[in-house]
Amino acid sequence: AQSVTQLDSQVPVFEEAPVELRCNYSSSVSVYLFWYVQYPNQGLQLLLKYLSGSTLVKGINGFEAEFNKSQTSFHLRKPSVHISDTAEYFCAALPPGGFKTIFGAGTRLFVKA
Amino acid sequence: GAVVSQHPSWVICKSGTSVKIECRSLDFQATTMFWYRQFPKQSLMLMATSNEGSKATYEQGVEKDKFLINHASLTLSTLTVTSAHPEDSSFYICSARDPASGSTPFEQYFGPGTRLTVT
């Protein structure tokens with residue numbers, strides 16, 4: 001069965017510092033990978049996605065992620081975070097031709113002044 | 001981008017009553033919508049897949065008689081929580097795929113969620 005693991009439940013970081021949110025997936029086949037952000041009491045917003053091609057994917061709000069097939073990872077990074085980046089971040093996977101998106105447990109990013 | 005709306009954004013109801021939550025795709029037609037449930041500080045749990053014009057497909061462990069789903073048109077799906085109890089209190093999120101998005105897989109858009117509190 002496919003699964004998505006987000007290794008950190010919470011990541012506190014100071015404003016303007018870099019951050020990496022870790023995500024690993026398990027799948028015997030290729031998958032599409034996504035990162036979503038959820039602000040309090042809101043739905044999910046797509047940050048970026050990896051479908052194929054270049055392993056470095058750039059998204060909105062200055063975020064980027066790198067697909068590493070050998071390590072089955074898709075870590076999210078931002079070189080300098082802002083207070084407004086405080087939110088819940090979800091990594092997700094979808095097998096090609098599949099229907100159901102599989103979500104990780106989420107990582108709470110807390111940016112401190 | 002495409003927009004998915006939910007109504008109401010929050011609702012408080014008494015135990016034993018039923019509550020209906022609407023999910024609409026505002027600027028695209030969605031043959032398939034998804035209903036998720038999210039507990040505090042947890043991930044999204046897929047409850048069911050709603051298919052326009054046919055019965056919903058429920059995930060294992062989700063009571064279909066408890067959570068009634070109706071996908072009456074290409075832009076509207078409803079989730080009715082019947083005989084609600086306090087343990088049904090949760091954040092319910094719907095999403096829809098846009099088959100005309102031109103991308104593969106189809107883009108998935110999420111509604112803003114509905115906070116249900118059962119007293």
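Note on naming: letters A, B, ... go to the chains in the order of the sequence lines (proteins, then strands), and numbering restarts at 1 for each one.
- Residue-environment remark: NE2 (B:His7) stays at or below the threshold of 12 foreign heavy atoms within 6.0 Å.
- Around NZ of B:Lys66, the count of heavy atoms belonging to other residues, nucleotides or ligands within 6.0 Å exceeds 12.
- For chain A, the nearby part of B:Glu59 is the side chain; its heavy atoms alone come within less than 4.5 Å.
- Considering OH of A:Tyr32 and CD of B:Gln108, their distance stands at 14.0 Å, rounded to 0.5 Å.
- Scanning residues 79-88 of chain A against chain B with a 4.5 Å heavy-atom cutoff picks out nothing at all.
- Residue B:Phe110 comes nearest to A:Leu44 through the heavy atom pair CB-O, 3.5 Å, listed as atom of the first residue, atom of the second, then distance.
- Chain A forms more heavy-atom pairs under 4.5 Å with one residue of B:Thr114, B:Val4, B:Thr49, B:Thr32 than with any other, namely B:Thr32.
- There is no contact between A:Tyr39 and chain B, counting heavy-atom distances below 4.5 Å.
- Between the CZ atom of B:Phe91 and the CD atom of A:Gln38 there is a distance of 6.0 Å, given to the nearest 0.5 Å.
- Both B:Phe34 and A:Leu46 sit in one connected hydrophobic cluster of ILVMFWY residues. Membership requires side-chain heavy atoms under 4.5 Å apart, directly or through other members.
- Note on A:Val37 and A:Leu7: separate hydrophobic clusters, where clusters join Ile, Leu, Val, Met, Phe, Trp and Tyr whose side-chain heavy atoms are under 4.5 Å apart, directly or indirectly.
- A:Leu51 and A:Val31 are members of different hydrophobic clusters when ILVMFWY side chains are connected at heavy-atom separations under 4.5 Å.
- Scanning residues 100-112 of chain A against chain B with a 4.5 Å non-hydrogen threshold yields A:Lys100, A:Thr101, A:Phe103, A:Gly104, A:Ala105, sorted by number.
- In the hydrophobic clustering of this structure, A:Tyr36 does not group with A:Phe74; members are Ile, Leu, Val, Met, Phe, Trp, Tyr whose side-chain heavy atoms approach within less than 4.5 Å, directly or through other members.
- The cluster map of Ile, Leu, Val, Met, Phe, Trp and Tyr, joined by side-chain heavy atoms under 4.5 Å apart, puts B:Ile93 and B:Phe67 in different clusters.
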